[in-house]
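FYI, side chains are in, hydrogens and waters are out, and symmetry mates aren't considered; it's all heavy atoms of this structure. Order of appearance sets the numbers: ligands from 1, and atoms from 1 within every ligand.
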Amino acid sequence: MLVSAKEMLQKAKAGKYAVGQFNINNLEWTKAILLTAQENNSPVILGVSEGAAKYMCGFNTVVNMVKGMIETLNITVPVAIHLDHGSYDGAYKAMEAGFSSVMFDGSHYPIEENIEKTKQIIKDATSKGISVEAEVGAIGGEEDGVVGSGEVADPNECKMIADLGVSMLAAGIGNIHGKYPANWAGLSFETLDAIQKLTGDMPLVLHGGTGIPADMIKKAISLGVSKINVNTECQLAFQEATRKYIEAGKDLEGKGFDPRKLLAPGFEAIKVTVKEKMELFGSINKA
Ligand code: 13P
């Protein structure tokens, strides 16, 4: 069932668990994530960056693929198609194509401009029942060419953006995209605590879910994080399983070259990773 992310995240915040946003790259990714959500009776958010959307032949192709799978695979759990780190124009294009949720990442604009642009998007999205995620404090690391330095957000700025009526708020708390360096300082729980105190019921979003230790994830959820984004970890799981298949010479045996066989271990590995995350985030049986 295609829905906005608003209600599932409000439920998650009240129930003290988090819904995973898993980024998709192609048909195998999407199918693996949707099937895992259905098998575990978990709500799920499919994250699509502008780069990934371009790779998959545009927002329309993505929406139609997801809708087709929801119908054919009989997916009844709540599913949101969410634009990840959208630009202002990208957010409008995604909404037009039928995305049920968009992130407008205005974290690189001065706060006044971030507020103005976020306000306009909220106005237009809300009238169509589309949820909106905004960001304060750039998330570190590099994602699709957008490089952030891993800022820690100002809780007062978070409150200003939350008060505009966003559905969920991403705040930098020392998290970064991709693998964490050995000298990573960890999440700033002090900042998260201060943000939650000021923003109350607002579901908070933790980007850069890959490689954050389980105890930190649990603590973040206890302090109001209700959506956790995972991308790199599924890519690494897919890569490792595919490498094993080829290194074992399986592609040379019989019809092992058939893409449906070649991509199967990676597909299964994504399913395992997504299930592990759903268990850790506490979203199983919360559909
Ligand atoms: P990772 O790739 O570090 O899991 O981050 C994903 C993310 O935050 C997408 O917005």
Quiz item: Are N23 and Q21 close enough that a side-chain donor and a side-chain acceptor fall under 3.5 Å?
Solution: yes

Quiz item: Okay, side chain of N114, backbone of G106: is any donor-acceptor separation there less than 3.5 Å?
Solution: yes

Practice problem: For atom 2 (O) of ligand 1, state which one of L236, N23, T232 supplies the nearest heavy atom. | Solution: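 Result: the heavy atom closest to atom 2 (O) of ligand 1 is in T232.
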
Quiz item: Any idea which part of E233 is under 4.0 Å from ligand 1, heavy-atom wise: side chain, backbone, both or neither?
Solution: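 No part of E233 comes within reach of ligand 1.
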
Practice problem: Between T210 and ligand 1, find which residue part has any heavy-atom pair under 4.0 Å and reply side chain, backbone, both or neither. | Solution: both

Quiz prompt | Basic-acidic side-chain contact under 4.0 Å: E50, K93 | solution =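 No, this pair does not count.
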
Quiz item: Does ligand 1 have an atom under 4.0 Å from some heavy atom of G209?
Solution: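 Heavy atoms of G209 do come under 4.0 Å of ligand 1.
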
Quiz item: Can H177 be said to touch ligand 1, with heavy atoms closer than 4.0 Å?
Solution: yes

Quiz prompt | Backbone or side-chain N or O of G178 under 3.5 Å from ligand 1 N or O | solution =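 N/O-N/O distance below 3.5 Å exists for this pair.
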
Self-check item: N/O separation below 3.5 Å, Q21 to ligand 1
Solution: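 Not met; the criterion fails.
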
Quiz item: Between H85 and H177, what is the ring plane arrangement, given parallel below 30°, perpendicular above 60°, and tilted in between?
Solution: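 Aromatic pair H85/H177 classed perpendicular.
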
Quiz item: Looking at the rings of F99 and F59, which for Trp means the six-membered one, are their centres under 6.0 Å apart?
Solution: yes

Atoms in ligand 1 with a heavy atom of [X] nearer than 4.0 Å:
X    : result
V230 : 4 (O)
N231 : 1 (P), 2 (O), 4 (O), 6 (C)
H207 : 8 (O), 10 (O)
H85  : 10 (O)

Identify whether [X] and [Y] are in the same connected component of the hydrophobic contact network (ILVMFWY, side-chain heavy atoms under 4.5 Å).
X    : Y    : value
L73  : I81  : yes
L204 : I212 : yes
V272 : L46  : no

